[in-house]
2 protein chains.
Amino acid sequence: MTTTSDNPSDIFKERLRTAREELRKLSQAELARETGLPPSSVAHFEAGTRKPSFDNLRKLANALNVTTDYLLGRSEDPAGAAEADPIYRDVHKLTDKNRKMAADFMRFLAQQDEKERGEDE
Amino acid sequence: MTTTSDNPSDIFKERLRTAREELRKLSQAELARETGLPPSSVAHFEAGTRKPSFDNLRKLANALNVTTDYLLGRSEDPAGAAEADPIYRDVHKLTDKNRKMAADFMRFLAQQDEKERGEDE
DNA sequence: CCCCACCATGTCGAAAGCGCCATGACAACC
DNA sequence: GGTTGTCATGGCGCTTTCGACATGGTGGGG
């Protein structure tokens, strides 16, 4: 019985594989490179022989650009809003520092736009 | 430096305490009871001396009724359908032109990161 | 045939989380 | 004074994940 999954660990390994293959179309080695994890760790996660630690869960979610809630099976939605838009394509590759820099840059641009709209129009 | 927090573990302990006190108004012991964890574990999490495992992170998020992304600092929204990241917050305000510029900027940063490849995340 | 990319599996020592339990600080209130 | 609630801290033995590395299997291309 039980089709595919019923406990969180099983859900996780399926979600991880789905996200890697179907969403991001990566090999395990590629995902490993983007997360900075050894490839064997990715394999262990998908095999269900290990569950990721706090830090590694974050790395996986960042690299795959999905919510941790999706990976944990707490949400059906892979990603909040993101994804289809090309602007999100490289986000997952950024370090935290550069991620903040990009966020600041976009906030700056957003303010510029707002200002122009105000003066001009 | 930097005000309060910049690494994920620091964010987590602050989010956890905030969620427990302000959102759910629970004592550590009450939260412990609802999660089935020993009270000392909750104390350790908020002190930052331990980081929760896969399973315990889920229990905390369930008991507090928040997203794991919020606890991990990947989303500002406690209950949010999750805009995954602060980095996404201003995107929708951008004009098409600036949106492209932001995308280019992020691609540039991503290439830089890839080249350096010493840090993670 | 031999490689090579991809993945599965396991072993190793080190590190970290686990639950449990004890102790102590500190404030509030009887 | 004493008691009670709340939280911090740290030791204990156990379990799990960690990264690193080795091995083996499978499938496709030269």
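Order of the sequence lines sets the chain letters (A, B, ...), proteins ahead of strands, with each chain counted from 1.
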Worksheet item: Is the side chain of B:Arg58 donor-acceptor paired with the backbone N or O of A:Leu72 at a distance under 3.5 Å, no angle test?
Response: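 Side chain of B:Arg58 to backbone of A:Leu72, a donor-acceptor pair under 3.5 Å: yes, one is there.
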
Discussion item. Rounding to an integer number of Å, can you tell me how far B:Leu57 CG sits from C:dC18 C1'?
Written reply: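 Going from B:Leu57 (CG) to C:dC18 (C1'), I get 15 Å.
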
Item to complete: Return the value, rounded to whole Å, for the distance between atom CD of A:Glu30 and atom P of C:dC7.
Response: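 Whole-Å distance recorded here is 8 Å.
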
State, yes or no, whether a side-chain contact exists between [X] and [Y] at a heavy-atom distance under 4.5 Å.
| X | Y | answer |
| --- | --- | --- |
| B:Asp55 | A:Lys51 | yes |
| B:Tyr70 | B:Leu64 | no |
| A:Thr68 | B:Leu71 | no |

Worksheet, complete the sentence: Nucleotide by nucleotide, nucleotides 8-20 of chain D touches protein heavy atoms under 4.0 Å in the pattern (B base, S sugar-phosphate only, - none) SBB------SBBB

Worksheet item: Please, which pairs that meet salt bridge (Lys or Arg N to Asp or Glu O under 4.0 Å) have at least one residue in residues 28-46 of chain B, sequence neighbours excluded?
Response: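 Non-adjacent pairs meeting salt bridge (Lys or Arg N to Asp or Glu O under 4.0 Å): B:Arg17-B:Glu46, B:Arg20-B:Glu46.
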
